[in-house]
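Residues: numbered from 1 along the sequence shown.
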Amino acid sequence: MENKNTETAIFAGGCFWCTEAFFTDVKGVEKVVSGYIGGKTENPTYKEVCGGYTGHAEAIKITFNPDEVAYEDLLEIFFATHDPTTLNRQGADVGTQYRSEVFYTTEAQKTAAEKFIKELGEQNIFDKKIVTKVTAATKFYPAEDYHQDYYAQNPNQPYCQAVISPKLDKLKKHYKSKLKNQ
């Protein structure tokens, strides 16, 4: 039976293979779907989005139980696992599809995200200004099946080994109490 007390969070923080892997094991997260949001093309494909012409960001849609994990905890993990100070870029991935953006689904999420970004700035957590946008969620398009659970299905793929695995190790070290089966 599906839990009726769920909310949706949508984050774009570069490659969705990475961001999906970070949230899959968080307590209270029931589902993570990779996809596209924030563009003008209906039903975009990976190839179209990677071309940079649709306006979409690679993003993840998280279904979570707010009684088990607070939205603010998800924000904390999101900002700790990507660089929110680079415009339209994450590492070697360059283009608007790799932008840092929080797509809020409620006014409470908008307020929380704006507050969180302001606090990060005031605490000088990053050496540069945070460029993450906070935008009302538009239609979310799930990515093709082969993108779903990508890291879990391809842990030995070179990109996964070089980019995702080290970040997951950091996540497990710093957020152990927030993870399932830890």
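Side-chain contact, Thr19 with His82: no donor N or O sits under 3.5 Å from an acceptor N or O. Under the 3.5 Å distance criterion, with hydrogens and angles disregarded, no donor-acceptor pair is assigned to the side chains of Glu30 and Thr63. Using modelled atom types and a 3.5 Å distance limit, the side chains of Glu68 and Asn65 yield a donor-acceptor pair.
Atom CG of Asp73 and atom OH of Tyr71 lie 12.0 Å apart (nearest 0.5 Å). With rounding to the nearest 0.5 Å, the separation of CD1 in Ile117 from CD1 in Ile125 is 13.5 Å.
In this structure, Lys27 contributes its side chain and Ser177 its backbone to a donor-acceptor pair below 3.5 Å. Under a 3.5 Å cut-off, the side chain of Arg89 and the backbone N or O of Thr86 do not form any donor-acceptor pair. Of the possible polar contacts, one joining the Lys180 side chain to the Thr24 backbone as a donor-acceptor pair under 3.5 Å is found. The closest donor-acceptor contact from the side chain of Glu48 to the backbone of Thr45 lies under 3.5 Å. In this structure, the side chain of Glu7 does not engage the main chain of Thr105 through any donor-acceptor pair within 3.5 Å. A side-chain donor-acceptor contact under 3.5 Å links Gln148 to the backbone of Ala143. Counting only distance, with no hydrogens or angles, the side chain of Gln97 and the backbone of Cys50 share a donor-acceptor pair below 3.5 Å. Remark: side-chain polar atoms of Lys61 are not paired, donor with acceptor, to backbone N or O of Tyr36 under 3.5 angstrom. Side-chain atoms of Gln157 come within 3.5 Å of backbone atoms of Tyr159 as a donor-acceptor pair (strictly under, hydrogens ignored). Checked by atom type and distance alone, the side chain of Gln90 never pairs as donor or acceptor with a backbone atom of Cys15 at under 3.5 Å.
Atom NZ of Lys133 has 12 or fewer heavy atoms from other residues, nucleotides or ligands within 6.0 Å. Counting heavy-atom neighbours within 6.0 Å of Asp145 CG, excluding the residue itself, gives a total of 12 or less. Within a 6.0 Å sphere centred on CD of Glu119, other residues, nucleotides and ligands contribute more than 12 heavy atoms.
Counting heavy atoms from C-beta on, the side chains of Val131 and Pro84 never come closer than 4.5 Å. Considering only heavy atoms from C-beta on, Val26 stays 4.5 Å or farther from Phe64 through its side chain.
Under a 4.5 Å side-chain heavy-atom criterion applied to ILVMFWY residues, the cluster that includes Tyr98 comprises that residue alone.
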Query raised in the report: Can you list the steps and then say if Tyr141 with Ile37 is a side-chain contact (heavy atoms from CB on, under 4.5 Å)?
Result: CA-CA 6 Å; Tyr141 297 95; Ile37 190 169; over 6 Å; no
Query raised in the report: Under the side chain to side chain donor-acceptor pair (under 3.5 Å) criterion, do Thr41 and Thr54 qualify, and how do the steps go?
Result: CA-CA 5 Å; Thr41 303; Thr54 69; 4.9 Å; no
Report task. Check the pair Lys118, Glu122 against salt bridge (Lys or Arg N to Asp or Glu O under 4.0 Å), reporting the backbone distance first and the verdict last. Result -> CA-CA 6 Å; Lys118 183 178 183 226; Glu122 289 171 350; 3.5 Å; yes
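Val33 and Phe16 fall into different hydrophobic clusters, where Ile, Leu, Val, Met, Phe, Trp and Tyr are joined by side-chain heavy atoms under 4.5 Å apart, directly or via other members.
Relative orientation of the Phe23 and Phe11 rings is tilted, given thresholds of 30° and 60° on the angle between their planes.
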